[in-house]
Number of protein chains: 2
Amino acid sequence: MKLEQAIQSTRFKNEVHKAGLNILYTAWWLKTVMSRELKEFGLTHEQYNVLRILKGKHPELICVKDIACRMIEKNSNVPRIIDRLEIKKLVKRATSEADKRETVISLTQSGIAVLEASTQRINAIFDEVMVINEEEASSINQLLEKVREKES
Amino acid sequence: MKLEQAIQSTRFKNEVHKAGLNILYTAWWLKTVMSRELKEFGLTHEQYNVLRILKGKHPELICVKDIACRMIEKNSNVPRIIDRLEIKKLVKRATSEADKRETVISLTQSGIAVLEASTQRINAIFDEVMVINEEEASSINQLLEKVREKES
DNA sequence: AACAAATACGTGTATATACATGTATTCAAA
DNA sequence: TTTGAATACATGTATATACACGTATTTGTT
């Protein structure tokens with residue numbers, strides 16, 4: 001769907017302004033698609049993200065701050081997301097021996113199973129809805145990295 | 001900043017998968033930049049969005065559902081966002097005469113003033129941080145609309 | 001060794017997101 | 001005309017976002 005239809009507006013200051021809105025809208029759209037699939041696994045978007053990060057290092061242990069700095073949305077309240085995952089017995093908390101300030105997190109067997117099933121589903125839905133080829137994706141990656149060049 | 005540094009990961013399934021994450025990360029980055037500026041005006045990202053939509057129709061009245069369908073994030077709880085704006089006396093609520101189910105919203109003088117000042121700031125920060133030219137922005141717009149082609 | 005600063009995490013608050021439900025009003029079919 | 005469905009909005013709940021602050025631990029400086 002064209003952005004104009006999606007947000008019922010045709011008045012954009014210029015193409016750059018429109019690109020900003022397009023990025024925000026596309027991200028919302030993508031999150032919505034993913035969340036709908038993850039719901040079947042009882043996971044939210046952010047809970048899934050934390051599980052993925054844990055998997056990346058598994059069976060190595062990883063502490064809360066290392067999870068936080070890998071999150072897509074940097075202001076995520078990781079301790080609270082881990083609270084939910086712990087209740088569902090998908091992860092385990094332990095105090096680090098090396099540095100008692102750190103809480104190290106590990107995946108449970110159940111966590112591994114849920115992650116594997118949901119990842120399969122997420123990969124499938126990505127292939128299904130993102131109808132672009134590798135070159136187009138590559139262009140997007142280059143352009144978005146240029147957008148963020150100025151850092152903040 | 002490269003996505004790899006931003007989320008400390010180098011393992012992407014393919015360019016399409018990476019593009020998905022890049023879109024999500026760039027949207028977060030853009031929202032963060034905007035929110036930081038809006039904070040000086042006591043506004044959140046979504047409150048600003050509602051004010052902009054009201055301005056687009058001003059001095060015409062607009063009802064809650066028409067605001068909702070123009071929002072970038074479609075699941076926004078518009079009545080609640082309007083609650084906050086009403087407390088700050090930036091908007092006014094009234095029941096529609098034509099259809100008493102509808103609540104029509106209008107900007108106050110104070111709302112108009114805050115919106116104008118904040119819009120100036122937002123436009124300036126857009127120009128400042130989004131260092132791409134019109135052609136590059138146009139490419140992004142085309143590519144993102146292709147990404148969303150499949151609808152859902 | 002003692003103490004100040006930094007770090008890591010948990011917790012609290014306000015707002016937003018996502019979704020379900022309740023209530024009043026309008027519309028449409030019998 | 002009456003009644004059931006649809007619509008518009010408000011409200012409630014769980015989770016997330018954004019940010020501030022408190023506590024425990026570690027580090028660095030004197």
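Residue numbers begin at 1 in each chain, while the letters A, B, ... track the order of the sequences. It should be emphasised that the depicted structure is a prediction, and the values quoted were computed from it without experimental measurement. The basis for the numbers below is simple: all heavy atoms, side chains too, and nothing from hydrogens, waters or symmetry mates.
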Trainee: Out of D:dT11, D:dT26, D:dA16, which nucleotide sits closest to the side chain of B:P79?
Mentor: D:dT11
Trainee: Quick check for you: among C:dA18, D:dA20, C:dT15, whose closest atom lies nearest to any side-chain atom of B:N75?
Mentor: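 For the B:N75 side chain, the nearest candidate turns out to be C:dA18.
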Trainee: Taking the side chain of B:T103 as its heavy atoms from C-beta onward, which of D:dC9, C:dA24, C:dC9 lies nearest to it?
Mentor: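 Looking only at side-chain atoms, B:T103 lies closest to D:dC9.
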Trainee: Want to settle it: does A:D99 or B:H45 sit nearer the 5' end of DNA chain C, counting the closest nucleotide to each?
Mentor: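 Counting from the 5' end, the first nearest nucleotide belongs to A:D99.
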Trainee: Can you figure out which of D:dT17, D:dC9, C:dT17 approaches the side chain of B:V64 most closely?
Mentor: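 Closest nucleotide to the B:V64 side chain: D:dC9.
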Trainee: Among C:dT17, D:dA20, C:dT15, which nucleotide sits nearest the side chain of B:R84?
Mentor: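 For the B:R84 side chain, the nearest candidate turns out to be C:dT15.
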Trainee: What nucleotide, of C:dG10, C:dC9, C:dG12, holds the atom closest to the side chain of A:N77?
Mentor: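 Shortest atom-to-atom distance from the side chain points to C:dG12.
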Trainee: Just checking B:K31: base, sugar-phosphate only, or nothing, at a heavy-atom cut-off of under 4.0 Å?
Mentor: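 Since no nucleic acid heavy atom lies under 4.0 Å of B:K31, the category is nothing.
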Trainee: Report yes if at least one side-chain N or O of B:R101 is closer than 4.0 Å to OP1 or OP2 of C:dC27; otherwise report no.
Mentor: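 B:R101 to C:dC27 OP1/OP2: no side-chain N or O under 4.0 Å.
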Trainee: Using a cut-off of strictly less than 4.0 Å, decide whether B:S76 has a side-chain nitrogen or oxygen near OP1 or OP2 of C:dA16.
Mentor: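 For C:dA16, neither OP1 nor OP2 has a side-chain N or O of B:S76 closer than 4.0 Å.
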Trainee: Assign each of A:K100 and B:V104 to its nearest nucleotide of DNA chain D by heavy atoms, then name whichever residue's nucleotide is nearer the 5' end.
Mentor: B:V104
Trainee: Below 4.0 angstrom, N of the basic side chain to O of the carboxylate: do B:E46 and B:K31 qualify?
Mentor: no
Trainee: In plain terms, say whether B:E86 and B:K92 are close enough for a salt bridge, that is, a side-chain N and a carboxylate O under 4.0 Å apart.
Mentor: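 Salt bridge flag = no for B:K92 with B:E86.
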Trainee: Report the C-alpha distance between B:R148 and A:T26 in whole Å, list the side-chain angles of each, state the deciding distance to 0.1 Å, and finish with yes or no for side chain to side chain donor-acceptor pair (under 3.5 Å).
Mentor: CA-CA 7 Å; B:R148 297 196 309 270; A:T26 308; 2.7 Å; yes
Trainee: Looking only at the side chain of B:W28 (C-beta and beyond, no hydrogens), which of the listed nucleotides C:dC9, D:dT15, D:dA18 gets closest?
Mentor: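 So the nucleotide nearest the side chain must be D:dA18.
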Trainee: Using heavy atoms to find the nearest nucleotide of DNA chain C for A:K65 and A:K39 separately, return the residue whose nucleotide is more 5′.
Mentor: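 So the residue in question is A:K65.
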Trainee: Salt bridge check: are A:E128 and B:K150 linked by an N-O gap of less than 4.0 Å?
Mentor: no
Trainee: Assess whether one donor atom and one acceptor atom, taken from the side chain of B:R80 and the base of D:dG12, lie less than 3.5 Å apart.
Mentor: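 Per atom types, the contact qualifies.
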Trainee: Between B:D83 and B:R93, is the closest basic N to carboxylate O distance under 4.0 Å?
Mentor: yes
